[in-house]
Amino acid sequence: MKKIVIFTALCATLTFATEHEHEHGGSFEQSKFIPDISLIVDTGYVHRNVSNTELEKSAPTSNYGNYGTFKEFNTNNGFNLNYAEMMLHSNVDQAFELDGIFHYGTESVEIEEAYFTTKALPYSLKVKGGKFKSDFGRLNSQHAHVWDFADAPLVYNSFLSPEGINAPGVQFQWLAPTPWYMKLGFEAMQKGNGGTFANDFDKKDGEPLYVGYLKNSFDIKDASVLLGVSYANGVSNIKNAVSAAPIYKGNSEVYGADLSVKNYFNSYSFINWQSELLYRDMKSDDVTIGKDKKQSGYYTQIVYQMDENWKAGLRYEDFLQDSYGAKTTLNASYKTSEFAQLRLQYSHDETFKMYGNNKAIDEIILQLTFAIGAHGAHSF
Amino acid sequence: MKKYIFALLFLLPLTLFANLNIAVTYPYIGALTKAIGGEKVDTVVLAKGNWDPHFVVPRPSLIAKVRDADALIMNGGQLEIGWLPPLIDRASNPKIATNAKTFLDLSQHVELLQKPASVDRSGGDVHPDGNPHFHLDPNNILILAGTVKEFLISIDSQNSAVYEKNYAHFSDMWNKKLEMWKSKMADKNALKVVQYHNVMAYFNHAYGLTSIATIEPLPGIPPSSKHTMELIELIKKEKPCCILHDVYHDTKTAEFISEKTGIKVVIMPHDIGALDTIEDLVSLFDYLTSAIK
Ligand SMILES: [Zn+2]
């Protein structure tokens, strides 16, 4: 609540600064220094074949513990306000840029990200620090409003948590002097991520989470190929979300490999085939608490953008071990402009167990996403 | 890999004598830079000339292209807003940062037309700083050539004599062409035209053509049947000569209007490479000044 007041005050100050300009004829005008501001609002209407309570009680197959509904957005049947996201961005000076991304839920405000980025390091180096989304894999660093689907793939939710790897830390990235695009990245982050690298009990000081990745991209005619491998290593202290009993303690590694081929037919139309495989290897320190666990899961999706207005997507995903079934998602979206999108999504999910029994979940989401303010860059 | 790094270290001193490697956003800027820079510069063009300049695809491969650039020249006027900022961000190259003296925004050096008094997105995806398609006035090309010359001298003063000479040569040639195009277009003065998007604003301004409407109902918004019907009525009343159409939007709506009203659809290339025959700046304006019959 306090946070809401602070942010509201910030907005008021910014507005005040703009109005102030006129009063003083611009002699001490500061309004030109207002950062780029934008606001994204995401709402959804959901209809699924199980009630909210039933979904709450059903456990995803893939997780180590019980993480409830396993969803961050569109959790309830009926109307959902998923988030309002405010973004501020500006240069600090000639050496640094600063980004702040504030996630407003209906009853909370979160600093989704707040980080500096260096601007002037030599040798194609870049350093980022603060709280930020890790660049692990193809999707972890993406914000929900640029996703091709209304929800994240199950394997991401499962291994990296619905928030993804998002923690205070530092990131180093280097662009190799190769004829194609090649980026090498290393991150050291404070563990405590709600998924594999949770820090629910037995808290020790300074046990960071390490992330490394190599990303490559090259073009074949009008198609861009993206190829990446990622790795995360950290300590896990996971306890049951309901009973609070410890369920796993040990070292965990997550390996990722991703491949996308995106072919543009013209300025407005493309087809993108994107797949990602994640493998998790958890080595228990204490088998009396929880056993070793090896698991992998994947998604593969095709997104076709027809023109400036219409886009459609198909996604298939599954786990390779301990799988009860697969999930298939189909959607279509319509944009009235670059700043407003309406999306209809249907999914059939056989990966859940309800009251211990397999239960397929059918879900329809009607999602509306709006953006105002500074023009965001087009995503790739 | 080790070998590669060694080779790189070995080659490093050589780069001191190498050409300036200049990244530019659009093909016309590449041609201008090459005309003034001549042998002393290498250019790398980021956008394709036959695709929509507002929607350049920010492919990762473009990051590799600007990573080692010694300088960056862009059109500006927010034409690159949707695609260039992430490339600059990710390239980790201080030489192409917007505050670097090796960064040039051409829009700062020409007078922009159609600066909106206020902007609101209910009016479409308007260009808030004014219409950024200024290179389509051939008189502006001369101004831009001067800007590029000054820029190259400021970052590479050793070769200023070369840049001055190339500029003198270019402006002589261009002035002759300007006379020629002016006489070619003399009888087109006060002609009314319709466009898809107001890309030809500066060309129309240069030769006295009046653009009475656009096929897109609002800037950046695809055609709607309601707007198209209104446009057909307007065309019947105002009798413009033709529809000036870019190469990257579907001509389907334009052809429908043409069928209903009998006015011609004229394809107007906006940049080098927009059509196969448009190979340089001269052929671009040769084509444009001959297109309207
Ligand atoms: Zn435009």
Side-chain angles (χ1 to χ4, degrees), chain A residues 36 89 91 93-95 97 99 117-127 173-183 215-220 222-226 260 262 264-270 307-310 335-340 371-380, chain B residues 1 4-5 7-8 11-12 47-48 50-68 78 80-100 120-122 124-125 127-128 216 218-224 246-250:
Chain A
D36 294 343
H89 167 91
N91 288 327
D93 57 15
Q94 72 287 355
E97 278 175 59
D99 283 87
T117 317
T118 58
K119 288 173 68 75
L121 291 185
Y123 307 113
S124 305
L125 283 167
K126 207 158 84 160
V127 179
Q173 291 191 337
W174 176 62
L175 283 181
T178 43
W180 71 96
Y181 169 80
M182 179 160 106
K183 182 168 79 176
K215 292 166 195 271
N216 292 280
S217 180
F218 52 89
D219 294 345
I220 302 171
D222 287 327
S224 288
V225 179
L226 280 80
S260 310
K262 191 171 188 179
Y264 272 84
F265 303 107
N266 56 47
S267 302
Y268 322 105
S269 176
F270 65 78
D307 54 29
E308 290 155 284
N309 300 128
W310 290 98
K335 280 182 172 179
T336 53
S337 70
E338 275 195 72
F339 310 98
I372 56 171
H375 193 305
H378 308 140
S379 63
F380 187 80
Chain B
M1 188 63 203
Y4 191 72
I5 291 170
L8 217 74
L11 288 170
L12 209 60
K48 283 168 69 115
N50 56 343
W51 285 14
D52 189 339
H54 305 82
F55 286 90
V56 176
V57 183
R59 299 176 192 272
S61 58
L62 297 183
I63 300 169
K65 284 188 177 171
V66 296
R67 182 192 59 216
D68 299 321
Q78 305 231 359
E80 290 102 340
I81 191 74
W83 65 277
L84 192 59
L87 296 186
I88 293 178
D89 270 4
R90 286 173 210 167
S92 308
N93 178 0
K95 288 181 184 164
I96 59 164
T98 50
N99 64 339
D120 186 305
R121 292 221 174 99
S122 65
D125 198 1
H127 295 299
E216 53 177 19
L218 294 166
I221 306 296
S224 67
D246 58 64
V247 300
Y248 44 82
H249 281 109
D250 200 335

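Chain naming here is simple, since letters A, B, ... match the order of the sequence lines and numbering starts at 1 in each.
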### Summary
Whatever's closer than 4.5 Å to a heavy atom in chain A on B/Lys65 counts as neither

#### Entry: Considering all heavy atoms, the nearest A/Leu121-B/Pro94 contact
O-CG, 3.6 Å

#### Entry: Proximal component of A/Thr336, with respect to chain B [non-hydrogen, under 4.5 Å]
backbone

### Message
Quick check for you: to the nearest 0.5 Å, what is the distance between A/Leu226 atom CG and B/Arg59 atom CZ?
### Response
10.5 Å

### Heavy-atom pair count under 4.5 Å with chain A, highest-scoring of B/Val57, B/Asn99, B/Ile63
B/Val57

### Message
So for A/Gln173, is it side chain, backbone, both, or neither that comes closer than 4.5 Å to the heavy atoms of chain B?
### Response
neither

### Query
Is it the backbone or the side chain of A/Asn309 that comes under 4.5 Å from a heavy atom of chain B, or both, or neither?
side chain

### Contact class of A/Phe339 relative to chain B, heavy atoms under 4.5 angstrom
side chain

### Query
Which value, rounded to the nearest 0.5 Å, describes the distance between B/Lys48 atom NZ and A/Asp222 atom CG?
4.0 Å

### Task
Would you indicate whether the side-chain heavy atoms of B/Ile221 and A/Ser337 approach each other to under 4.5 Å?
yes

### Query
To the nearest 0.5 Å, what is the distance between CZ (B/Arg90) and NZ (A/Lys183)?
6.5 Å

### Query
With only heavy atoms counted, which part of A/Tyr123 is less than 4.5 Å from chain B, the side chain, the backbone, both or neither?
neither

### Query
Is the closest basic N to carboxylate O distance between A/Lys119 and B/Asp89 below 4.0 Å?
no

### Query
Is there a side-chain contact between B/His249 and A/Glu308 (heavy atoms, below 4.5 Å)?
yes

#### Entry: Per-residue contact mode, A/Ala223 against chain B (heavy atom under 4.5 angstrom)
backbone

### Considering all heavy atoms, the nearest A/Trp180-B/Arg67 contact
O-NH1, 3.8 Å

### Query
Is it the case that A/Asn266 and B/Tyr248 place a side-chain donor and acceptor less than 3.5 Å from each other?
no

### Query
Could you state the interatomic distance from OG (A/Ser217) to CG (B/Leu62), rounded to the nearest 0.5 Å?
9.0 Å

### Task
Go through the atoms of A/Ala374 and report whether side chain, backbone, both or neither lie under 4.5 Å from a heavy atom of chain B.
backbone

### Closest contact, heavy atoms only, A/Glu338 versus B/Asp125
OE2-OD2, 3.1 Å

### Message
To the closest 0.5 Å, what do you measure between OG (A/Ser267) and CH2 (B/Trp51)?
### Response
6.0 Å

### Query
Which distance, rounded to the nearest 0.5 Å, do you find between the CG of A/Leu125 and the OG of B/Ser92?
7.5 Å

